[in-house]
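Below, chains carry the letters A, B, ... as their sequence lines are ordered, and counting in each starts from 1.
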Amino acid sequence: MTKDAVAAALDEIGTLLGLQGENDFKTRAYGNAARLISQLDGDLADIVAKKQLGKIRGIGEALEEKITTLVTTGRLQYLEDLRAAVPPGLVEMLRIPTLGTKKVKLLHDKLKVSTLAELQAACDRGEVADLAGFGAKTQQRIIDGIRFLGTVGKRVRVDQAALVANTLLERLRKLPGVIRAEVCGSVRRKKETSKDIDILVSAVGASPIMAAFVAFPEVTQIVAQGPTKSSIVATMQVGGSSIVLGADLRVVSDDQFPYAVVYFTGSKEHNIRLRQIAIEKGLSLNEYTLSGPRGPKDNVKVADEAGVYKALGLPFIPPELREDTGEIEAALAGTLPVLIEPSDIRGVFHNHTLASDGTATLEQMALATKALGYEYFGVGDHSQTLTIANGLTPDRVRAQWKEIDKLNEKLEGVTILKGTECDILPDGSLDFDDELLAGFDYVVASVHSHFQLPEAEQTARVCKALSHPATTMLGHATGRLLLRREAYKIDLDAVLKAAAQHGKMIEINAQPDRLDLDWTYVKRAKAMGIPIVINPDAHATDELALVPYGINVARRGWLTAADVFNARSLKEVLKELKRRKGG
DNA sequence: GCCGTTTTCGGCCCGACTGTTTTCAGTCG
């Protein structure tokens with residue numbers, strides 16, 4: 001059973017226990033364990049086999065036993081019993097905003113509702129409003145919640161969230177009285193998807209800002225509006241589709257801003273660790289202040305976010321690392337990585353031109369690459385089998401090589417590299433013969449077909465492609481399309497092992513709907529010494545600018561410039577590619 | 001459920017907002 005599957009099972013146990021009225025701390029322990037497992041470094045099966053699970057802070061005897069059973073047998077009677085005892089409709093009800101486990105349990109116990117339809121009917125009859133602790137407004141919120149389930153509360157991609165967040169941020173910055181304003185939350189931590197937007201503002205007076213905020217043209221619903229906090233739903237139309245996303249605004253005084261920006265950037269788990277460190281120092285950290293044991297007169301005053309970390313005895317921790325996956329320990333030990341920056345990138349390898357399914361010529365793409373300040377443009381058009389994307393036949397490949405040689409004589413300040421995005425065929429072989437493959441500067445091997453293979457076959461297929469001497473790097477390792485298509489079933493830990501064994505690189509595909517390899521595996525790949533390549537997979541000149549989305553993933557995966565192959569200069573890249581070809 | 005320089009019990013981060021109460025529980029982050 002994979003980490004994600006184990007984590008999902010633990011999360012489900014926590015939810016089901018909550019719906020049975022189990023105490024919050026117990027249910028939270030399961031949720032916490034789910035997070036620990038999903039973000040675990042190293043191979044879960046190994047850790048289980050070596051009985052090392054109990055050493056993880058937050059996993060005790062009971063969880064170790066349940067996780068071990070899940071990993072070794074693929075099932076857990078305890079979970080199946082819970083599923084049998086709790087109607088699945090109750091879990092669905094939790095997706096309604098303002099409904100948590102306690103209210104759902106009460107609705108089920110008192111009104112005998114077990115499905116969304118039954119809950120809707122009970123609301124229509126006015127029965128919910130009559131329940132103790134409920135009322136007319138709560139009933140209306142539930143009715144609205146059921147109606148909006150399809151749109152509000154869904155996650156959106158980071159590029160979409162950033163667009164809405166920055167639109168609101170720019171409007172806020174123009175308001176009179178606003179001193180500092182920042183997007184916080186998962187958008188600032190550069191997570192691949194976001195459930196909502198958090199914006200923090202410091203100002204002299206909060207109420208005019210709140211009033212202006214809820215009246216912004218993007219605001220389609222006001223969920224809550226208080227003196228310092230408001231929640232709204234924002235809607236924006238982009239390219240024919242609409243983005244619907246919740247946004248919270250908090251307004252604080254300017255001396256509270258540094259503490260608040262830490263607090264609202266999160267993650268929640270990171271904040272809890274910071275608060276514990278404060279307690280160990282006899283201090284108390286909340287979103288407004290860092291106070292000492294004798295109250296306000298002991299308050300530690302700082303000017304900015306870095307000052308908060310310094311006061312806790314820590315170096316500044318970049319937002320991308322704030323997930324409580326070891327960054328606190330690294331900060332305490334002084335071993336935080338110097339994360340890669342967009343400006344470290346010197347070129348790109350995986351891109352398409354008009355020759356396959358791109359929209360620009362080789363020359364246009366190369367010049368656009370140069371305009372971004374890069375030294376090399378690697379073309380990686382599709383290979384012959386991928387006819388739907390106009391994959392290149394061997395003859396067309398040789399013609400493209402000639403064109404590249406000509407362009408390289410003519411162009412200044414940018415060099416075109418001869419690459420291919422070569423299909424990994426169902427049996428794991430590559431889509432060109434060895435002689436042709438040897439003529440490329442490098443080969444990006446990718447899966448574009450047969451996504452439904454059983455996990456063992458899919459894994460063997462990709463591992464075989466990685467063992468091919470011509471393969472340089474693996475493209476989009478899981479084929480996932482965020483929020484649209486699941487990753488194909490594959491044992492990524494086995495793939496990483498194969499890459500390490502054969503000395504191959506792995507791509508971070510920077511397309512915002514891919515961001516594949518996922519950051520949790522990027523971190524593990526680094527630990528295994530696997531070089532990472534950040535590729536825009538550009539099909540048009542403007543898509544070359546997607547590289548920063550890949551940088552986000554690299555930073556969340558703790559990568560430094562030294563860990564990323566295309567942070568190397570053209571000279572170094574050519575030397576390494578030549579070495580790999582045995583020359 | 002977990003955890004331990006208050007160690008096998010009794011805590012577990014903490015504040016804003018809402019809706020229901022008339023002092024607080026639930027939800028959310």
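- Look at A/Arg250 and you won't find any side-chain N or O under 4.0 angstrom from OP1 or OP2 of B/dA16.
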Treat primed atoms plus P, OP1 and OP2 as sugar-phosphate and everything else as base, then score nucleotides 7-13 of chain B 5' to 3': B for base contact with protein heavy atoms under 4.0 Å, S for sugar-phosphate contact only, - for none. -----BB
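- In this structure, the CG atom of A/Asp144 is 15 Å from the C1' atom of B/dT18, given to the nearest Å.
- Judged purely by atom type and a 3.5 angstrom limit, A/Arg189 has no side-chain atom pairing as donor or acceptor with the backbone of A/Leu321.
- Between A/Thr325 and the options A/Gln39, A/Lys523, A/Arg35, a side chain to side chain donor-acceptor pair (under 3.5 Å) holds for only A/Lys523.
- Computed from coordinates, the A/Leu36 CG to B/dG1 C1' distance equals 12 Å when rounded to whole Å.
- Listed here is the closest heavy atom pair of A/Val178 and A/Leu172: CG2-O, 3.3 Å.
- In this structure, A/His270 and A/Tyr309 have tilted ring planes: the angle between them lies in the 30° to 60° band.
- Nucleic acid contact for A/Tyr78: sugar-phosphate only, since backbone atoms but no base atoms lie under 4.0 Å from a heavy atom of the residue.
- Atom name C1', nucleotides B/dT27 and B/dT20: the rounded distance is 14 Å, in whole Å.
- In this entry B/dG19 has B/dC24 as its Watson-Crick or G-U wobble partner, both defining distances falling under 3.5 Å.
- Taking atom CD1 of A/Ile96 as the reference point, atom P of B/dG19 lies 16 Å away to the nearest angstrom.
- With A/Asp563 contributing its side chain and A/Thr560 its backbone, the two residues share a donor-acceptor pair below 3.5 Å.
- Among the heavy atoms of the strands, none lies under 4.0 Å from A/Leu285.
- With salt bridges taken as basic N to acidic carboxylate O contacts below 4.0 Å, one links A/Arg556 and A/Glu323.
- One C1' atom belongs to B/dG1, the other to B/dT5, and the distance between them is 24 Å to the nearest Å.
- Proximity of a side-chain donor or acceptor of A/Arg180 to a complementary backbone N or O of A/Asp254 within less than 3.5 Å is detected.
- In this structure, A/Thr228 reaches the sugar-phosphate backbone alone: every heavy-atom distance under 4.0 Å involves primed, P, OP1 or OP2 atoms, never a base.
- The side chain of A/Lys229 contributes no N or O atom lying less than 4.0 Å from OP1 or OP2 of B/dA16.
- With rounding to whole Å, A/Glu269 atom CD is found 16 Å from B/dC14 atom P.
- A/Ile56 comes within 4.0 angstrom of sugar-phosphate atoms only, judged by non-hydrogen atoms across all strands, and of no base.
- Taking atom C1' on both B/dT8 and B/dC3, the two are 10 Å apart, rounded to the nearest angstrom.
- Atom CG of A/Leu99 and atom C1' of B/dT18 are 13 Å apart (whole Å).
- Using a 4.0 Å heavy-atom distance criterion, A/Lys66 is classed as a sugar-phosphate-only contact.
- Side-chain nitrogen and oxygen atoms of A/Thr138 include at least one within less than 4.0 Å of the OP1 or OP2 phosphate oxygen of B/dT20.
- The CD1 atom of A/Ile142 sits 12 Å away from the P atom of B/dG19 (whole-angstrom rounding).
- Distance check on atom P: B/dC2 versus B/dC13 gives 15 Å, rounded to whole Å.
- When heavy atoms are screened at a 4.0 angstrom cut-off, A/Glu22 is found touching no nucleic acid atom at all.
- To the nearest whole angstrom, the two P atoms, one in B/dC17 and one in B/dT22, are 23 Å apart.
- Of the P atoms belonging to B/dG4 and B/dG15, the separation is 25 Å, rounded to the nearest Å.
- Between A/Ser284 and A/Asp248, the one whose closest nucleotide on DNA chain B sits nearer the 5' end is A/Ser284.
- Between A/Lys195 and B/dG29, a side-chain N or O to OP1/OP2 separation shorter than 4.0 Å is present.
- Residue A/Pro227 is the one, among A/Pro227 and A/Ala132, whose nearest nucleotide of DNA chain B lies closer to the 5' end (criterion: closest heavy atom).
- Between A/Leu249 atom CG and B/dC17 atom P there is a gap of 11 Å when expressed in whole angstrom units.
- Using a 4.0 Å cut-off between a side-chain N of Lys or Arg and a carboxylate O of Asp or Glu, A/Glu305 and A/Arg322 qualify as a salt bridge.
- Taking the charged nitrogens against the carboxylate oxygens, A/Arg188 and A/Asp198 have no contact shorter than 4.0 Å, which rules out a salt bridge.
- Summarising the geometry, the separation between CG on A/Asp24 and C1' on B/dG29 is reported as 15 Å, rounded to the nearest angstrom.
- Contacts of A/Ser231 with the nucleic acid, taken as non-hydrogen atoms under 4.0 Å apart, are absent.
- Side-chain nitrogen and oxygen atoms of A/Asn286 include none within less than 4.0 Å of the OP1 or OP2 phosphate oxygen of B/dC14.
- Between B/dT6 and B/dT21, the two P atoms lie 44 Å apart (nearest whole Å).
- Here A/Ala136 lies in heavy-atom contact (under 4.0 Å) with sugar-phosphate atoms only.
- Ion pairing of A/Arg275 with A/Glu287 is present here, as a side-chain N (NZ or NE/NH1/NH2) and a carboxylate O approach within less than 4.0 Å.
- Side-chain N/O atoms of A/Tyr288 include one lying less than 4.0 angstrom from OP1 or OP2 on B/dA16.
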